[in-house]
Number of protein chains: 2
Amino acid sequence: MTDEEEFLAGYDPSRYPAVAVTVDVVALTIRDGVPHVLLVERGRPPFQGLWALPGGFVKVGAEDLDTAAARELAEETGLETPGRVHLEQLATYGDPGRDPRMPVVSVAYLAFGPTMADPQAGSDASDAAWVPVPSLGLTASGAQPPGATRRLAFDHARILSDGLERARGKLEYTPLATAFLPEVFTIPELRAVYECVWGEALHAGNFHRKVLSVPGFVEGTGQTTASGGRRGGPRARLYRSGDARLLHPALLRPGTEDGVR
Amino acid sequence: MTDEEEFLAGYDPSRYPAVAVTVDVVALTIRDGVPHVLLVERGRPPFQGLWALPGGFVKVGAEDLDTAAARELAEETGLETPGRVHLEQLATYGDPGRDPRMPVVSVAYLAFGPTMADPQAGSDASDAAWVPVPSLGLTASGAQPPGATRRLAFDHARILSDGLERARGKLEYTPLATAFLPEVFTIPELRAVYECVWGEALHAGNFHRKVLSVPGFVEGTGQTTASGGRRGGPRARLYRSGDARLLHPALLRPGTEDGVR
DNA sequence: GGAATAGTGTCTGTAAGACATTATTAG
DNA sequence: CTAATAATGTCTTACAGACACTATTCC
């Protein structure tokens, strides 16, 4: 089939059924030391009553994908994207039958943001909430066990799983952990982000020295916290994010076993 | 707008014009120590006479994206994807106006393969060829200077640029450099792949020791080449790809300046 | 023989991890 | 005071890069 024939066929729904393009956003934040993902409860079929990533249809030709993703994120959280949030394209999903209604290609995005207020339910969702990721009981392959309290719609368990893995990797070689924190933060708070996303404890002393040794990761403000920690300890110095886009040398996860075969 | 309204609107071309989904493949190989990309010369408008990445429309709902990309690659090269070729999703492009005919979202894929025969021109292309990447004169931002001998159609200069940058990064922490080589290869041949993709000379002795020290990168065959190098030197030992999926520790590029600000 | 190349040995600076230590704060 | 914690110091091991060196092959 030639290019032009295929082009014309695109207008013939009997040969190529209507295709929809959506964006879905894996928006992550941290509350009480636990990673949370923004989910909406579906108010109508298909998958009524199940939870889904916030997303929507893209007006292809009228807006670009990044803009559509930023719009979806702002609608649910009020977060403006040229701000402290990080938003990047994650991957695109187009398996047959992933939406029972029609063929849908979904461009997934990944967002990191600081702790923020609970979202408002939109008109098409019966509820919206920041949901603790561990409560979803995701397996490494992106499947969800039958006993989970909140079931995810479509292939969103897989998308979320991919987003979490991308997030774990991003913290290794970019300073994006700071996107989870307010503008000013302490090194122990930054360490808590790493421990929460990676799911393992880090050595406080070595982490501290390492962060300060990477050029451009953080810059000091000369200030300290107003008081010490909850259970004692001195006041911590306050930092803000530096100007580095990449961490050199990187902060590698200790858990990664040699040679993932 | 509710979910259902948007869903129905997807069937109304006056509100949401027909959308096409395509896959485009950045297929890379190495010839004579120079990276080459597979391109097809467009035989009809738009961009007639310009060169484009091989690609085509996806039958969303009837095939998944990976399968569609593998099909496009096989059509041009005869390479079967569950084989020695590496194929992975790169990114998705959907800027308004990127195709002058209609709104098109393109899912780009990245492929690495060993040196192979010249492709045959398809019915919709006046020519197809492995084109040396340096001859395209790409800039870092993915633009093409006006004087280039072969101009790229659509936003394919940008896609190719993104693919090359991904390829450079992939060589650092995966053993995918071996995908550019035949099943059996020497360490100096492997080094040539790195030097070609990264565009800088590597220290032969250190590279040799490093490759052998990474578990699972390569495994020896016990054989050597039949003769020495073109300009002298001993016979090199032959290796095949090992079972590692990730390199630990990674082979970092020397050129990367600290803290890309 | 001369030049180029495969592969190994050696040394040095840097960085990561384990552990110890000091100072400061809450309760 | 006691416990917890921020921040720094010390030591050991691993690794990257620079350089030297040997052995082998082509011309």
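In what follows, every chain begins at residue 1, and chains take the letters A, B, ... in the order their sequences are listed. The figures here come from the full heavy-atom set of this structure, side chains too, leaving out hydrogens, waters and symmetry mates.
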Handout entry: Nearest listed nucleotide, side chain of Arg231(A), among dT5(D), dA6(D), dG17(C)
Key = dT5(D)
Practice task
Could you tell me the separation between the CG atom of Asp118(A) and the CZ atom of Arg31(A), rounded to the nearest 0.5 Å?
Solution key: 4.5 Å
Handout entry: Whole-Å distance separating the CZ atom of Arg209(A) from the P atom of dA15(C)
Key = 11 Å
Problem - Atom-pair distance (CG on Leu238(B); C1' on dA6(C)), nearest Å - result: 12 Å
Handout entry: Pair Glu200(A) + Arg168(A): basic N to acidic O under 4.0 Å
Key = no
Problem - Set of side-chain hydrogen bond (donor to acceptor under 3.5 Å, both in side chains) partners for Arg151(B), sequence neighbours left out - result: none
Problem - Between C1' of dA6(C) and CD of Glu189(B), the distance in whole Å - result: 12 Å
Exercise for the section: Ignoring backbone atoms, establish whether Arg191(B) has a side-chain N or O less than 4.0 Å from OP1 or OP2 of dA6(C). Expected result: yes
Problem - Asp155(B) side, atom CG; Ser106(B) side, atom OG - distance, nearest 0.5 Å - result: 7.0 Å
For nucleotides 20-23 of chain C, list the nitrogen or oxygen atoms of the protein found under 3.5 Å from its nitrogen or oxygen atoms, one pair per line.
none

Practice task
In plain terms, say whether Asp162(A) and Arg158(A) are close enough for a salt bridge, that is, a side-chain N and a carboxylate O under 4.0 Å apart.
Solution key: yes
Handout entry: Leu53(B) and Val25(B), any side-chain heavy atoms less than 4.5 Å apart
Key = no
Problem - Phosphate OP1/OP2 of dT8(D) contacted by Arg237(A) side-chain N/O (<4.0 Å) - result: yes
Completion exercise
DNA chain D nearest-nucleotide lookup for Asn206(A) and Pro188(A): closer to the 5′ end is Pro188(A)
Problem - Rounded distance (Å) that lies between atom P of dA16(D) and atom NE2 of His248(A) - result: 15 Å
Practice task
Could you say whether Gly228(B) or Leu212(A) is positioned toward the 5' end of DNA chain D, judged by the nucleotide with the nearest heavy atom to each?
Solution key: Leu212(A)
Exercise for the section: Starting from C1' on dA18(D), measure out to NE2 on His208(B) and report it in whole angstrom. Expected result: 18 Å
Handout entry: pair Leu136(A)-Trp51(A): side-chain heavy atoms closer than 4.5 Å
Key = no
Exercise for the section: Remember a base hit wins even if backbone is also touched, and classify Thr186(A) as base, sugar-phosphate or nothing at under 4.0 Å, heavy atoms. Expected result: nothing
Practice task
Round to a whole Å and report the spacing from CZ of Arg230(A) to P of dG27(C).
Solution key: 9 Å
Fill in the blank from the handout: Which of dA6(D), dA6(C), dA16(D) is nearest the side chain of Lys210(B)? It is dA16(D)
Practice task
Mind checking Ser213(A) for me? I need base, sugar-phosphate or nothing, with any heavy atom below 4.0 Å counting as a touch.
Solution key: nothing
Practice task
To the nearest Å, give me how far apart CG (Leu251(B)) and P (dC15(D)) are.
Solution key: 13 Å
Practice task
Using whole Å, report how far CG of Leu202(B) lies from C1' of dA18(D).
Solution key: 14 Å
Practice task
For Ala250(B), report the nucleic acid contact type (base, sugar-phosphate, nothing); a contact means any heavy atom under 4.0 Å.
Solution key: sugar-phosphate
Problem - Spacing of Leu176(A) atom CG and Ser241(A) atom OG [to the nearest 0.5 Å] - result: 8.5 Å
Practice task
Tell me whether the OP1 or OP2 atom of dA23(D) has a side-chain N or O from Arg235(B) closer than 4.0 Å.
Solution key: no
